[in-house]
Amino acid sequence: MFGKGSLSLLEEYGGDSSDEEVPGPRVSVKRTYDSDSSYPSKRRLPVPSQFSNKNENDYVDDPLLHEGRVRSFAHERGNWPSYICIPFEAHMGLQNFLLAIKKIVPEYIELKQCNDFHISLTKTVILRYIWITPFVQSVQEYIKCFNKFMIVFGNAKVYCNEEKTRTFIGIEIKSGYDSLLKIVENLNHSLSEYKLPPFYEDPSFHMSIAWCLGDRQSELNDCLPEINSILETLKEIHNDDNWYIFVEYLLGKIGNKQFQFHLR
Ligand code: AMP
């Protein structure tokens, strides 16, 4: 179906997922008794779904299940949270940087390490299940003409999500910006075919390495000079580590599936 060697379905995890399975936590919706005390002993019949304003797909988010993070989109059957990125394998220099940052930020900020390092090239968008195959083919078409290229990490920078519910410390990409921008323009074409939002108009390509809840931009920005001087020192000490990426493919994460889009 896809050009040989140019795209591969890496992994499908998550057990017995049927075609319309929703990625993410399963919720057991147990029938409960109405707690209305005026009818203590009567069990009410459930309201037929067509008369209820509760949809069977409604999902009550429990932020405790995912470290207090709040969903930015409704959890709905057949909707697959998806994004395209450049993956990165953490090295010793980066691990030491993370340890150092935790000692610099104020104690009341609970900083957590990001657990999959990557450079985002799209926002997290919601793909309908039936769109996955054509979307992947469209991305492959738009991406296949790009040559492999190099990106280099620069300074640390603070980012906040659009909902202002999480703040991130990231390392900005200092070279390779033009190639990234052209790729993003092409990915935006694919996204627009499915009426999905484009990437940021003024992208700041970066790799998030740590995050905390809430809008903590002001406090974290105050720490940036110290964070950046540590980063400079670590780049010198760990100069064998890769503070750059030779980009050979993009990774599409679509629900519980991963796709590689290889460059020329
Ligand atoms: P990411 O690690 O790619 O998820 O990015 C962390 C956060 O940076 C996201 O929640 C974005 O909303 C936020 N962000 C804020 N401004 C920008 C920008 N100009 N370019 C890219 N990401 C941004």
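Counting convention: from 1, in listed order, for ligands and their atoms alike. For clarity, every value in this text was computed on a predicted model and none was experimentally measured.
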For atom 14 (N) of ligand 1, the option (of Y83, F117, Y159) bearing the nearest heavy atom: Y159

Options W211, Y200, F199, ranked by nearest heavy atom to atom 9 (C) of ligand 1, top entry: Y200

Please state which protein non-hydrogen atom is closest to [atom] and give its distance, to 0.1 Å?
atom	value
atom 20 (N) of ligand 1	S204 N, 3.0 Å
atom 10 (O) of ligand 1	N161 CB, 3.2 Å
atom 3 (O) of ligand 1	S120 OG, 2.5 Å

Geometric class of the W243/H91 ring pair [parallel <30°, tilted 30-60°, perpendicular >60°]: perpendicular

Ring geometry between F135 and Y194 (parallel below 30°, tilted from 30 to 60°, perpendicular above 60°): perpendicular

Are the side chain of [X] and the backbone of [Y] linked by a donor-acceptor contact shorter than 3.5 Å?
X	Y	result
N186	I143	no
N188	F199	yes
S82	I254	no

Under-4.0 Å heavy-atom contact with ligand 1, by part of H206 that carries it: side chain

Ligand 1 contact on D202 by region, counting heavy-atom pairs under 4.0 Å: backbone

Flag if over 12 foreign heavy atoms under 6.0 Å of CE, M92: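 Count not over threshold, so no.
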
Per-atom contacts of ligand 1 with C160, taking only distances under 4.0 Å to non-hydrogen atoms: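 This gives 12 (O), 13 (C), 14 (N), 15 (C) as the contact atoms.
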
Sub-4.0 Å atoms of ligand 1 with respect to non-hydrogen atoms of S208: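 Counting from 1, the qualifying ligand atoms are 1 (P), 2 (O), 5 (O), 6 (C).
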
Nearest-0.5 Å distance, CE of residue M207 to CD1 of residue I171: 5.0 Å

